[in-house]
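This report refers to the structure that appears directly beneath it.
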Amino acid sequence: MTNEFAHSSTSAGAGHPAVLSPEAFANLGGGHIAYVRPIRSEDAAELFPQAQLAPGLKLFTLHAADGTPIMLTDSREACIASAMQNELAPLSVH
């Protein structure tokens, strides 16, 4: 088995792991990876301005690898199901 994300650390300096640029990080997974992130309803308005939410709710967002928000829900399982329906591999972010 090989690591498709392996890269050389020579550009980052001796003793330091290589750092991916924001563009390279966003392209990991070739558009097939999404991530699930917990979020408070107070913070969700920034990502989803059209949503009118009561304060104090624990919600979940599904994002494309580049950070683009895809959906907002009150269920982690719904985020995962949506990712799978859209042929995306869901990952959790804590």
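We number each residue from 1, following the sequence as shown.
Residue pairs that meet the ring-ring contact (aromatic ring centres under 6.0 Å, His included) test with at least one member in residues 70-89, sequence neighbours left out, do not exist here. Legend: side chain to side chain donor-acceptor pair (under 3.5 Å) pairs involving residues 50-65, not counting sequence neighbours, sorted by first then second residue: Thr61-His63. Residues in residues 67-92 take part in no ring-ring contact (aromatic ring centres under 6.0 Å, His included) pair, two or more places apart or across chains.
Under the rule for a side-chain contact (heavy atoms from CB on, under 4.5 Å), the partners of Ala78 that lie at least two apart in sequence or sit in another chain are Thr73, Ser75. Scored by the side-chain contact (heavy atoms from CB on, under 4.5 Å) test, Asn86 finds Ser82, Leu88 as partners (sequence neighbours excluded).
If you chain together hydrophobic residues whose side chains sit under 4.5 Å apart, Leu53 and Phe60 never meet in one group.
Put simply, CG on Leu72 and SG on Cys79 are 7.5 Å apart, with the number rounded to the nearest 0.5 Å. Atom CG of Leu59 is separated from atom CE of Met71 by 10.5 Å, given to the nearest 0.5 angstrom.
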Acceptor/donor pairs from residues 38-48 side chains to any protein atom, 3.5 angstrom cut, sequence neighbours excluded:
residue	atom	partner	partner atom	Å
Arg40	NE	Glu42	OE1	3.4
Ser41	OG	Ala54	O	2.7
Ser41	OG	Gly56	N	3.2
Ser41	OG	Leu57	N	3.1
Glu42	OE2	Gly56	N	2.6

